[in-house]
Amino acid sequence: MSEALRILVVDDHPVFRLGLRNLFEGLADFEVVAEASSGGAAIELAGSLRPDVILMDIGLPDINGIEATRQICAANAGARILVLTMFDDESVFDAVQAGALGYVLKGADPDETIRAVRSVAHGEAIFSPNTARRLTSFFSRASRDGPFPELTDREREVLDCVARGLTNAAISDQLYVSPKTVRNHVSNVFTKLQVASRAEAIVKAREAGLG
């Protein structure tokens, strides 16, 4: 049996933290290892516990969730942070730039939240439907003139699929190539675009009109 995913819950509302704890501790493959009610506490606990996934609110006392995300990711490039917030606005761009892998609204269905945590734990970028539409609308205005000449045609196809939010498995099915080949292409794309995460690749791709 695989080890449970270790989660750090960061939110300044005790009732909401309790709700998340109850949600995830009712599942065999999750373990809430700690809770934090401020950005400063989140940074400290992230460094000492190294959880698999950090659920991060934005509106925190002392250090807000965006800055806490930035500091955590600067200290640990492998940190996997899912922003879970009430803000359905442009803060998603700040969150992604800070290093968050996903952005989901607090009003999301519990099953959607659970899927989002699992996706982020596996390094996948995940956004709630409204947020994804906001991103798509924003980046659809970007230039489409020959993006990323350093990429091969196949790598550009893979990047386009990533920008549309497809998982590696879905890309494998769509392009009729093996999952290992997709992983290699994604790795090459990350290297050539000088990005460290899927979320950063999505931002760059959509800025260039892909997706």
Side-chain angles (χ1 to χ4, degrees), residues 4-27 29-39 42 45-46 51-60 63-70 72-73 78-139 162-170 196-203 205-206 211:
L5 292 173
R6 301 168 64 252
I7 299 174
L8 168 61
V9 175
V10 184
D11 197 284
D12 61 336
H13 292 92
V15 173
F16 190 74
R17 293 200 309 271
L18 177 61
L20 287 175
R21 179 178 284 277
N22 289 339
L23 173 65
F24 288 106
E25 290 195 339
L27 302 169
D29 56 338
F30 289 97
E31 177 189 2
V32 177
V33 293
E35 300 176 15
S37 60
S38 68
L45 288 169
D52 297 309
V53 178
I54 301 170
L55 299 184
M56 180 73 73
D57 189 19
I58 290 179
L60 299 171
I63 301 173
N64 67 45
I66 300 296
E67 180 58 28
T69 294
R70 184 176 291 109
I72 290 169
C73 291
R80 292 175 175 177
I81 298 177
L82 173 66
V83 171
L84 192 58
T85 182
M86 294 294 294
F87 297 114
D88 185 15
D89 57 22
E90 284 74 15
S91 59
V92 60
F93 302 110
D94 295 329
V96 169
Q97 289 176 340
L101 272 177
Y103 191 102
V104 174
L105 300 181
K106 286 184 176 180
D109 183 85
D111 288 341
E112 180 184 343
T113 302
I114 291 167
R115 285 195 300 271
V117 173
R118 287 198 172 108
S119 295
V120 168
H122 290 93
E124 303 287 347
I126 188 77
F127 302 96
S128 63
N130 285 342
T131 301
R133 284 191 289 271
R134 184 185 296 277
L135 286 167
T136 301
S137 176
F138 179 84
F139 290 121
V162 169
R164 287 189 279 123
L166 299 184
T167 64
N168 284 2
S197 70
R198 208 174 186 93
E200 287 182 59
I202 288 174
V203 169
R206 288 178 175 168

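Numbers for residues simply follow the sequence, beginning at 1. Below, all heavy atoms of this structure are taken into account, side chains as well, without hydrogens, waters or symmetry copies.
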Closest approach of Ile58 to Ser91 (non-hydrogen atoms, all atoms of both residues): CD1-OG, 3.6 Å

query: Can you tell me how far OG1 of Thr167 sits from CD of Glu124, rounded to the nearest 0.5 angstrom?
result: 5.5 Å

field: 4.5 Å side-chain heavy-atom contact, Lys106 and Asp57
entry: yes

task: Report the residues that fulfil side-chain contact (heavy atoms from CB on, under 4.5 Å) with Ala199, sequence neighbours left out, ordered by chain and then residue number.
output: Val96, Leu101, Ala125, Ser197

task: Decide yes or no for Leu84 and Leu20: does some side-chain heavy atom of the first lie under 4.5 Å from some side-chain heavy atom of the second?
output: yes

- request: For residues Ala79 and Ile72, report the shortest heavy-atom separation together with the two atoms involved.
  value: CB-CG2, 3.8 Å

message: Are Val53 and Phe30 packed together at the side-chain level, in the sense that at least one heavy-atom pair is separated by less than 4.5 angstrom?
response: no

Exercise: do Asn168 and Arg198 side chains pair donor with acceptor under 3.5 Å: yes

- line: Shortest non-hydrogen pair, Gly102 vs Leu82, comes out as C-CD1, 3.5 Å

message: Quick check: closest heavy atoms across Ser37 and Leu60, and the distance to 0.1 Å?
response: O-CD2, 4.3 Å

field: From CA spacing to verdict: salt bridge (Lys or Arg N to Asp or Glu O under 4.0 Å), Asp12, Arg17
entry: CA-CA 8 Å; Asp12 61 336; Arg17 293 200 309 271; over 6 Å; no

field: Pairwise side-chain contact, Leu55 with Leu8, heavy-atom cut-off 4.5 Å (strictly under)
entry: no

query: Who pairs with Glu31 by side-chain contact (heavy atoms from CB on, under 4.5 Å), at least two apart in sequence or on another chain?
result: Ala4, Arg6, Val33

- request: Locate the shortest heavy-atom distance separating Leu45 from Ala34; write the atom from each residue and the value.
  value: CD1-CB, 4.2 Å

